[in-house]
2 protein chains.
Amino acid sequence: MTATTGACCAPIAREPLTEHDAAELATLLKAVADPVRLRLLSMIGSHAGGEACVCDLTDAFDLTAPTISHHLKVLRTAGLIDGERRGTWVYYRVVPETVSRLGALFTPLVTV
Amino acid sequence: MTATTGACCAPIAREPLTEHDAAELATLLKAVADPVRLRLLSMIGSHAGGEACVCDLTDAFDLTAPTISHHLKVLRTAGLIDGERRGTWVYYRVVPETVSRLGALFTPLVTV
DNA sequence: ATATCATTTAGACACATGTCGAAGCAGGAG
DNA sequence: CTCCTGCTTCGACATGTGTCTAAATGATAT
């Protein structure tokens, strides 16, 4: 990668998005455009060991378990997190590639 | 390519967001979590001269003028674009600081 | 097998959001 | 002034979304 670029601005401001790309990116952005999901993503990513149990997450909110489960599903469907069951508990961890994809959209290329 | 050294991860995955920060960021993200607004932002930012007339934007969509105006207002309220009337036409341009703020959230620190 | 705990699914409901048509404002042109 | 054009605001409507309760599934222990 490392497109030569004039580093003028973020990719989103460099050339017009196609209708298709815009639709795809919007679904990704919708997944993070919610305060609860934003905190969930943040809590999972910053948790020791890189993963967090659902039980840890649920306790941090004033919401019911089904609601948290719903939000986790949205994040997982968007490819932002990945879940795995180990015994009694389910553990989630973030998928950094997808997170970076979001960042790249709005970040001016700092090609060193 | 972005130097992925020392930096472990994006800010959002470094430490848990506070409830307050999450709410604030979510409103910003909601503003861009729509395919039409994503394209509008992209078209304005990549337009020659750094600004675009509403008339140019409206023609690019299969939507009515009120709908485009509504989306522009959402972007402007979020601080992502700034509009100004000059004579007959209204011109919009992006506010790079706000766009960068979004990018920084999801981008691993580039150790420059 | 039964009980119990952790998580997800299903169904329902209130509220937010994207879209439209109609009407209102602002600025030029005749 | 009156018209016309560009853009925004208003009000209404259908659809989408966040939340809940109730019930289902999975896994472990008794």
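Just so it is clear, the model here is predicted, and its values are computed rather than measured. So that the names make sense, note that chain A is the first sequence line, chain B the second, and so on, each numbered from 1.
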Side-chain donor-acceptor pairs of residues 44-51 of chain B under 3.5 Å, sequence neighbours excluded:
residue	atom	partner	partner atom	Å
Ser46(B)	OG	Ser42(B)	O	2.7
His47(B)	ND1	Glu51(B)	O	2.9
Glu51(B)	OE2	Arg86(B)	NH2	2.5

Next on the checklist: Minimum heavy-atom separation for Thr107(A) and Ala104(B), please, with both atom names.
Outcome noted: OG1-N, 4.3 Å

Checklist entry - Taking all atoms of both residues into account, what is the closest heavy-atom pair of Phe106(B) and Leu102(B), and its distance? => result CD1-O, 3.5 Å

Taking only the side-chain nitrogens and oxygens of [X], find out if one of them lies under 4.0 Å from OP1 or OP2 of [N].
X: Tyr91(A); N: dT7(C); result: no
X: Thr67(B); N: dG18(C); result: no
X: Arg37(A); N: dG18(D); result: yes

Whole angstrom is fine here: how far is it from [atom1] in [X] over to [atom2] in [N]?
X: Glu84(A); N: dG26(D); atom1: CD; atom2: P; answer: 17 Å
X: Leu72(A); N: dA6(C); atom1: CG; atom2: C1'; answer: 13 Å
X: Leu38(B); N: dT17(C); atom1: CG; atom2: C1'; answer: 17 Å

Next on the checklist: Just to verify, what does Thr77(A) make a side chain to side chain donor-acceptor pair (under 3.5 Å) with, not counting sequence neighbours?
Outcome noted: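 For Thr77(A), no residue satisfies side chain to side chain donor-acceptor pair (under 3.5 Å) once neighbours in sequence are set aside.
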
Checklist entry - Excluding sequence neighbours, so at least two apart, what forms side chain to side chain donor-acceptor pair (under 3.5 Å) with Thr27(B)? => result none

Checklist entry - If each of Ile68(B) and Asp34(A) is mapped to the nucleotide of DNA chain D with the nearest heavy atom, which maps nearer the 5' terminus, i.e. the 5' end? => result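 Counting from the 5' end, the first nearest nucleotide belongs to Ile68(B).
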
Item to check | Given DNA chain D, 5'-ward residue of the pair Arg86(A) and His71(A), judged by closest heavy atom | outcome: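 Of the two residues, His71(A) wins.
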
Checklist entry - Asp82(A): what forms a salt bridge (Lys or Arg N to Asp or Glu O under 4.0 Å) with it, not counting sequence neighbours? => result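 Applying salt bridge (Lys or Arg N to Asp or Glu O under 4.0 Å) to Asp82(A) gives Arg93(A).
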
Checklist outcome for this item: So side chain to side chain donor-acceptor pair (under 3.5 Å) across residues 54-66 of chain A, not counting sequence neighbours, yields Thr64(A)-Thr67(A)

Checklist entry - Apart from Val95(B) itself, what residues make up its hydrophobic cluster, given side-chain heavy atom links below 4.5 Å? => result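 Listed partners: none, Val95(B) stands alone.
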
Checklist entry - Linking Ile, Leu, Val, Met, Phe, Trp and Tyr by side-chain heavy atoms under 4.5 Å, what else ends up with Trp89(A)? => result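 Grouped by the 4.5 Å side-chain rule, Tyr91(A) form the rest of the cluster around Trp89(A).
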
Can I get a per-line list of side-chain donor-acceptor pairs under 3.5 Å for residues 68-75 of chain A, giving both atom names and the distance, sequence neighbours left out?
residue	atom	partner	partner atom	Å
His71(A)	ND1	Arg37(A)	NH1	3.0

Checklist outcome for this item: Contacts satisfying salt bridge (Lys or Arg N to Asp or Glu O under 4.0 Å) that involve residues 94-104 of chain A (not counting sequence neighbours) are Glu24(A)-Arg101(A)

Item to check | Within residues 42-63 of chain B: residues closer than 4.0 Å to DNA chain D (heavy atoms) | outcome: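 Those residues whose heavy atoms fall under 4.0 Å from DNA chain D, taken from residues 42-63 of chain B in numerical order, are Cys53(B), Val54(B), Cys55(B).
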
Using a cutoff of under 3.5 Å, can you pull out all pairs of nitrogen or oxygen atoms linking the protein to nucleotides 9-16 of chain C, with atom names and distances?
none

Polar pairs (N or O, both sides) under 3.5 Å between protein and nucleotides 1-5 of chain C?
none

